[in-house]
Amino acid sequence: MPPRFSDTRRITPGSPFLRGVSMLERWMIPGVFPFTLPMFDVTFEVDFPTPVTILAGENGSGKSTLLEALAWLVGFGSQGGSRDHQFVAEPEMNALGRALRPDWRQRVTSGFFLRAETFFNFASDLEDAGSLLTRNGGKSHHHMSHGEGFLALFEDRFEDGLYILDEPEAALSPQRQLALLSIIHRLTAPRNAQFIIATHSPILMAFPGATILSLDGETIRQVDYRETEHFKITRDFLADPDRFFHYLFADESGP
């Protein structure tokens with residue numbers, strides 16, 4: 001059986017393991033990205049009070065930047081991977097990651113960071129290392145659809161630990177997003193795993209008991225699922241798509 005993304009030390013149930021992060025002013029670099037974003041100032045602080053935390057926000061709001069910093073801080077590859085399996089050479093430092101101070105309930109090293117945009121390279125590196133998935137009889141990722149490969153990784157390798165997922169819905173159909181929710185529930189119900197997920201998917205945001213943090217604006221704020229623009233726009237569009245098309249496709253040359 002191929003190695004999983006975990007270490008041999010026993011994790012005491014009780015996620016969230018990483019309870020939050022705050023900014024260390026001495027490591028900030030004024031005028032340099034991402035410290036040019038209003039959110040990442042000296043007052044920056046974010047809590048992860050539940051086993052599942054959802055980061056919501058528009059493109060460019062800083063979700064991926066924050067996840068990359070968290071991954072680097074934990075010791076995962078900031079481009080994707082685990083502590084023991086990083087598929088690209090890491091830069092000397094992640095500026096934001098170095099400036100963050102973690103608040104651990106229990107320090108964990110198992111888990112990994114998944115980036116949708118680099119998943120193909122990560123899966124290829126696993127195969128090159130002889131670590132095929134046991135699911136589907138060790139079928140190559142190159143013989144699966146993107147969504148099949150995603151879900152195979154989730155089902156085969158998610159266990160105890162901390163998992164940082166950047167837009168996992170990118171390759172998943174609505175049905176497979178529901179399957180991912182089932183996997184997350186199976187692992188977080190006994191509080192052996194923690195998930196921090198950046199997503200645009202209203203399906204994933206609806207995970208029961210998840211903390212949803214909005215990054216739209218100059219500060220991070222906790223919101224209800226139904227307060228997110230993702231939920232509101234999806235709900236309103238599905239209720240009356242013709243109304244949206246009327247404005248989207250309006251003839252701008254008319255009076």
Side-chain angles (χ1 to χ4, degrees), residues 5-7 9 11-12 14-30 32-57 61-119 122 157-168 187-188 191-199 210-213 215 219-220 222:
F5 299 132
S6 63
D7 55 24
R9 291 178 294 176
I11 292 178
T12 303
S15 67
F17 307 117
L18 181 62
R19 294 184 294 199
V21 292
S22 56
M23 190 70 75
L24 292 167
E25 184 176 7
R26 68 178 180 274
W27 289 110
M28 294 179 64
I29 309 175
V32 174
F33 183 84
F35 302 105
T36 52
L37 296 177
M39 177 174 58
F40 296 123
D41 64 10
V42 67
T43 65
F44 176 81
E45 184 174 358
V46 59
D47 295 326
F48 308 122
T50 52
V52 178
T53 300
I54 301 291
L55 305 184
S61 61
K63 301 187 306 298
S64 294
T65 299
L66 177 56
L67 288 194
E68 290 171 10
L70 292 175
W72 186 91
L73 181 67
V74 174
F76 303 156
S78 63
Q79 298 301 305
S82 65
R83 288 183 65 92
D84 300 324
H85 196 107
Q86 299 181 19
F87 69 96
V88 294
E90 286 295 299
E92 291 185 2
M93 61 173 276
N94 177 295
L96 180 58
R98 192 170 184 176
L100 294 179
R101 176 174 55 195
D103 176 17
W104 290 101
R105 187 197 66 80
Q106 178 184 182
R107 183 73 166 88
V108 298
T109 58
S110 55
F112 72 100
F113 175 37
L114 176 75
R115 298 185 68 191
E117 60 199 63
T118 57
F119 171 77
F122 179 59
R157 297 182 184 275
F158 278 18
E159 45 180 28
D160 300 349
L162 173 61
Y163 294 90
I164 300 172
L165 311 181
D166 191 9
E167 298 185 9
L187 293 173
T188 56
R191 302 181 76 87
N192 288 335
Q194 178 180 3
F195 288 82
I196 302 174
I197 306 170
T199 183
T211 296
I212 302 178
L213 302 176
L215 277 67
T219 60
I220 296 180
Q222 185 171 337

Look only at the side chain of [X] and the backbone of [Y], and say whether a donor-acceptor pair between them is shorter than 3.5 Å.
| X | Y | answer |
| --- | --- | --- |
| Lys63 | Gly57 | yes |
| Thr211 | Phe48 | no |
| Thr50 | Val52 | yes |
| Ser15 | Ala193 | yes |
| Gln194 | Phe17 | yes |
| Arg98 | Ala69 | no |
| Asp47 | Pro49 | no |

Where is the tightest heavy-atom contact between Phe76 and Thr109, given as atom of each residue plus distance? CE2-O, 3.7 Å
Quick one: do Arg115 and Glu68 make a salt bridge, cutoff under 4.0 Å? yes
State, without any angle test, whether Ser110 and Asp160 hold a side-chain donor-acceptor pair at a distance under 3.5 Å. no
Plane angle bin for Tyr163 and Phe112 - parallel if under 30°, tilted between 30 and 60°, otherwise perpendicular: perpendicular
Got a second to check how far Leu73's CG is from Asn94's CG, nearest 0.5 Å? 9.0 Å
Stepwise side-chain contact (heavy atoms from CB on, under 4.5 Å) test for Met39 and Ile220: CA-CA 7 Å; Met39 177 174 58; Ile220 296 180; 3.3 Å; yes
